[in-house]
Amino acid sequence: MERASGQILTIFGASGDLTKRKLLPAIYELFNQMALPENFAILGIGRTELTDKEFRDQMENGILEYSENKLERVDKYFLDKLFYLSINTSDHNDYEKIKVRLASLDDKFNASGNFIYYLATPPSLYGLIPEYLGAVGLNKNENRGGFQPRLIIEKPFGYDYESAIELNERLLRYFKEDQIYRIDHYLGKETVQNVLVTRFANGIYEPLWNRNYIHHVEITSAESIGVESRGGYYDSSGALRDMIQNHLMQLVGLVAMEPPSTFDSNSIRNEVVKVFLALRQHKPEEISKFTIRGQYLSSKIKGRIVPGYREEKGVHPESKTETYAAMKFFIDNWRWGGVPFYIRSGKRLPTRVTEIVIHFKRTPHYLFKGRTVSESSNQLIIRIQPDEGILMKLGMKVPGAGFNVQNVNMSFRYADLSNVYLPTAYQRLLNDAMLGDSTLYARGDAVLAAWTFVKPIQDAWANDPSVKVYGYPAGTWGPETADELFNRRGITWRYPCKNLTDDGIFCEL
Ligand code: BG6
């Protein structure tokens, strides 16, 4: 991996879960790959009182427990780069302490004032921390040759369109847009980036990638887990805010964008924004027809009773928050005019799978009616996770007499590549932020455009009692009503995974 010059990464919320589960294991992997700057240190900031030694011990345990690779030990040279400062993050007086500590680390590590701030805190602090950093001048770097401080924040970027605008305005008061890195961890996934390569490195797709040849596009992100220990957070969020507005919209952006003229952050993100701006908003009276929401109910999975959503800890017993969301929509531009997009995401579905399916139109006049063993339209399936890969479904002649046709799979699996190493999303994204590459980060205008699209859905789901919340038994593919979104005989969602045995699920790529 490419290496950045010297820098100090300050993590706010350093004593929290995200830091030890995701951030430190990813940074340590970058260290092992020699991808961290030579002059690098981490300053953890949190409310909990910890010494540097205690912080190092906690991070060491986190790395050992949560790293993808099984590790025996963590290099002491790395741990010696970790420091900790306890402050009250909501008190602006404490920010002078950060300034003093960063200045001394800057001297010690010769980092040229190159600071990155990562907000691994509750979202309520997203407006405050940048303001207080700005008040003590930590939003600027006066060193010649250094870069302007970068601010990395995690979703949620607002709760709805209005709060997203407010957050953006607050951030932009102290940091410029090109200093702000908004993480959407889906963009850090190798297979999501491969959507760009599949589309733009292969000449064969572009002529077909439009309304003339594509019948519809389907995107699924399913999870088998429930809300686990996050009931409190999830109940004020729901699938629309938690998955659709961000992760699934980013996938839509990459599938639907025009080829950028150059492969740089702004050109790529400009094209994604254009897609979001072309999304046709649903009218209030269309919401029941074009969107479906559901909530998982208690059920028996593999012999074990799992609780329904409303019985989960932290969830209101009469909650209407959706754990499943599906919708149909259109993109009003020349490439996609009239092509329906179907997207869905849910918890407590039969398995964890994320995939994009491009359904091509059938031949204009089908010669093999009555001789086709399985469905006859071509599909390109891009499997984001697990079992990452790409599959093309093609009709082929069944060997032997006559002209019987069967759909066969031409597939590529990442796992078949020897020496394949898929970096985690956090590794990729942190490394990019250190290098100053924001291509795989969500830009403010795109976030707002995605909120604009979901606003009528949010409004109707919140205020229109005629829009139902369908129950679905945990472990199933969500409300059956979601099939009606297709409104065409013989066309429905792709159900990639089938139960083979009581304890095994087989997912065909
Ligand atoms: C997060 C959501 O952004 O994405 C979670 O808050 C969800 O609710 C997770 O479980 C899914 O991510 P992945 O990478 O497991 O598909």
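Note that ligands are numbered from 1 as they come in the structure, with each ligand's atoms numbered from 1 the same way.
At a heavy-atom distance under 4.0 Å, no atom of Tyr234 approaches ligand 1.
Listed by number with element, the atoms of ligand 1 under 4.0 angstrom from any heavy atom of His247 are 1 (C), 3 (O), 4 (O). Each of the atoms 5 (C), 7 (C), 8 (O), 10 (O) of ligand 1 lies under 4.0 Å from some heavy atom of Lys347. Distances below 4.0 Å separate heavy atoms of Lys155 from the following atoms of ligand 1: 1 (C), 2 (C), 3 (O), 6 (O). Per-residue contacts place Glu223 under 4.0 angstrom from the following atoms of ligand 1 (heavy atoms of the residue considered): 7 (C), 10 (O), 11 (C). Annotation for ligand 1: atoms under 4.0 Å from non-hydrogen atoms of Lys189 are 13 (P), 14 (O), 16 (O). Each of the atoms 2 (C), 5 (C), 6 (O), 8 (O) of ligand 1 lies under 4.0 Å from some heavy atom of Asp242.
Heavy-atom distances between Thr354 and ligand 1 stay at or above 4.0 Å for every pair.
Checked by atom type, the side-chain pair Asn246/Arg182 shows no donor-acceptor distance below 3.5 Å. If you check the side chains of Thr220 and Arg344, you find a donor sitting under 3.5 Å from an acceptor. A side-chain donor from one of Gln193 and Arg428 sits under 3.5 Å from a side-chain acceptor of the other.
Here the heavy atom of the protein found nearest to atom 15 (O) of ligand 1 is Arg352 NH2, 3.1 Å. Given atom 4 (O) of ligand 1, the protein heavy atom at minimum distance is His185 CE1, 3.3 Å. In this structure, the protein non-hydrogen atom closest to atom 16 (O) of ligand 1 is Tyr186 OH, 2.5 Å.
Under the 4.5 Å side-chain criterion, counting only non-hydrogen atoms from C-beta, Gln250 is in contact with Val272.
With hydrogens and angles disregarded, no donor-acceptor distance shorter than 3.5 Å links the side chain of Gln295 to the backbone of Tyr324.
Under the 6.0 Å distance and 45° angle rule, Arg150 does not count as a cation-pi partner of Phe115. Cation-pi check for Lys81 over Phe78 is not met; the charged atom does not lie both under 6.0 angstrom from the ring centroid and within 45 degrees of its normal.
By the ring pair (Phe, Tyr, Trp, His ring centres under 6.0 Å) test, His185 pairs with His247, sequence neighbours left out.
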